[in-house]
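Every chain is numbered from 1 and lettered A, B, ... according to where its sequence line falls, protein lines coming before strand lines. Computed from a predicted model, the values in this text were never measured in an experiment. What you see below is based on every heavy atom in this structure, not just the backbone, and it leaves out hydrogens, waters and symmetry mates.
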Amino acid sequence: MIAEAGLKVEVQLFGRYRELAEGASIALELPAGATVADLVGELHRRSPGRLPARPVVVVERRPAAYDVALEAGHEIALIPPVAGG
Amino acid sequence: MIAEAGLKVEVQLFGRYRELAEGASIALELPAGATVADLVGELHRRSPGRLPARPVVVVERRPAAYDVALEAGHEIALIPPVAGG
Amino acid sequence: MTADVAAGSGGDVVGLSAEPISVAALAERVPPGSGAVATFEGRVRDTNEGRKVTRLHYDAYPAMADRVFADILRRTRRTHPVTAVRVLHRTGTLEVGETAVAIVVAAGHRDEAFAAASFVIEAVKAELPVWKREEYEDGSSRWLGGEPVEDDAREGAG
Amino acid sequence: MTADVAAGSGGDVVGLSAEPISVAALAERVPPGSGAVATFEGRVRDTNEGRKVTRLHYDAYPAMADRVFADILRRTRRTHPVTAVRVLHRTGTLEVGETAVAIVVAAGHRDEAFAAASFVIEAVKAELPVWKREEYEDGSSRWLGGEPVEDDAREGAG
């Protein structure tokens, strides 16, 4: 049996969420098979009180449901409500 | 008693109605007290078959009801349905 | 016919223009509270009802047009919260692609700007005393708007 | 961030722009069958919610914006009979009066042009991943859109 490796992801930050980290992104290691919900849980642990309960997570450039499983190589971003125009 | 003079009017023509006369207007003499309806009647006599039954007559730059009495000095025009834009 | 343009409140402009119209020039310098600017241009199409159009001529009744433009401006300002209303309509000969009518409306917000621009073009088309004659590829031409005189007259003028 | 503009069918253009936007330039050369051209510009207002605004900063997620712009263009063309659709949204720092978003829609007729322009601006505002930070006269600034993070988080993150 091969030991399951953790899932390394980099979460891009936009708008007001840029203030959550220095470099406009956060590198995280999640358990293999982690979902969007797991990612958000981890973000809440790292930045308590600085995120809404259910922020929008964008996976592969589309807003993702919370039960979506993350995979290595996914483009992942955390975005506030959009405010263009 | 003063003899009633006729009413001299000049009717400006626009759009397709310009083709009713050479100079883009028609000079008419109507009975004193003539209405818009009388004016249209006279135009029908002069140009039979070349005007609709009830063309729009503009008096003092506003479309006029057919019972409006014309007066000397009135600015009068005969206009087809507008077609701008 | 010369351009007949009157400046009013908030840089309002209405009038006929014998010269080509630039909607970009018309949209310059709107008041600084204008978060939304909507424009509309009616242009000469290359076809109409299946016939190839080569050019268009607009006749106008300028004195009445002044009155109608002033009315439209007044009604627009009374019913729409706008910061600027500008309307120009061409007269004379227009080639395909040229601007026949240009409308610029500035407002605080987008819904107001769209609603007012739409209000203005509908009013212009229904009320402004201008008349269009189309010229076709085969050299013929005809006045547009309403029924042909002759057809109406047959039943009406007897 | 560089201008990210893709030309498509009928001279369609969508993208982010780090440079000032000219709606006039965006409206050039629409197809000759376009009898109607409607444009919309969203501009930086000098006040918002009673506060004096000095400038605006737009952050954007360019890769997602490409995807969203392509979606909006596809949906607009599927649901509206238009001859050209062009949309640019600014990024970076904008002074009061500058154009934040510009939309040009050309169509055969005016109702189609207005409806499509309105459809596009609503979609852009609801979907395009850009975020606005306002700077005020007193030197303070804040991100707009949605609730402040801290307020949401108090009830949600426990």
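Among all heavy-atom pairs drawn from Ala63(C) and Glu75(B), the shortest one is CB-OE2, 3.7 Å. Residues Ile79(B) and Trp131(C) approach most closely at CB-CZ2, 3.4 Å, considering heavy atoms. For the residue pair Tyr61(C) and Ala77(B), the shortest heavy atom distance occurs at CE2-CB, 3.4 Å. Across all their heavy atoms, Ala100(C) and Gly85(B) have their closest contact at CB-O, 4.1 Å. Residue Pro63(B) comes nearest to Met64(C) through the heavy atom pair CD-CE, 4.0 Å, listed as atom of the first residue, atom of the second, then distance. Taking all atoms of both residues into account, the shortest heavy-atom contact from Leu144(C) to Ala83(B) is O-CB, 3.5 Å.
Proximity to chain C is absent for every atom of Arg54(B), based on heavy atoms less than 4.5 angstrom apart. For Ala102(C), no part lies under 4.5 angstrom from a heavy atom of chain B. Interface residue Glu127(C): only backbone heavy atoms are found under 4.5 Å from chain B. Contact annotation for Val101(C): only side-chain heavy atoms (C-beta onward) come within less than 4.5 Å of a heavy atom of chain B. When heavy atoms are compared at a cutoff of 4.5 Å, Glu19(B) approaches chain C solely by way of its side chain, counted from C-beta outward.
To the nearest 0.5 angstrom, Phe14(B) atom CZ is 10.5 Å from Trp143(C) atom CH2. Note that CZ of Arg133(C) and CZ of Arg16(B) are 11.5 Å apart. Values are rounded to the nearest 0.5 Å.
For Asp71(C) and Arg61(B), the salt-bridge test fails: no basic side-chain N is under 4.0 Å from an acidic carboxylate O.
In terms of heavy-atom pairs under 4.5 Å with chain B, the best-connected choice from Lys125(C), His57(C), Arg43(C) is Lys125(C).
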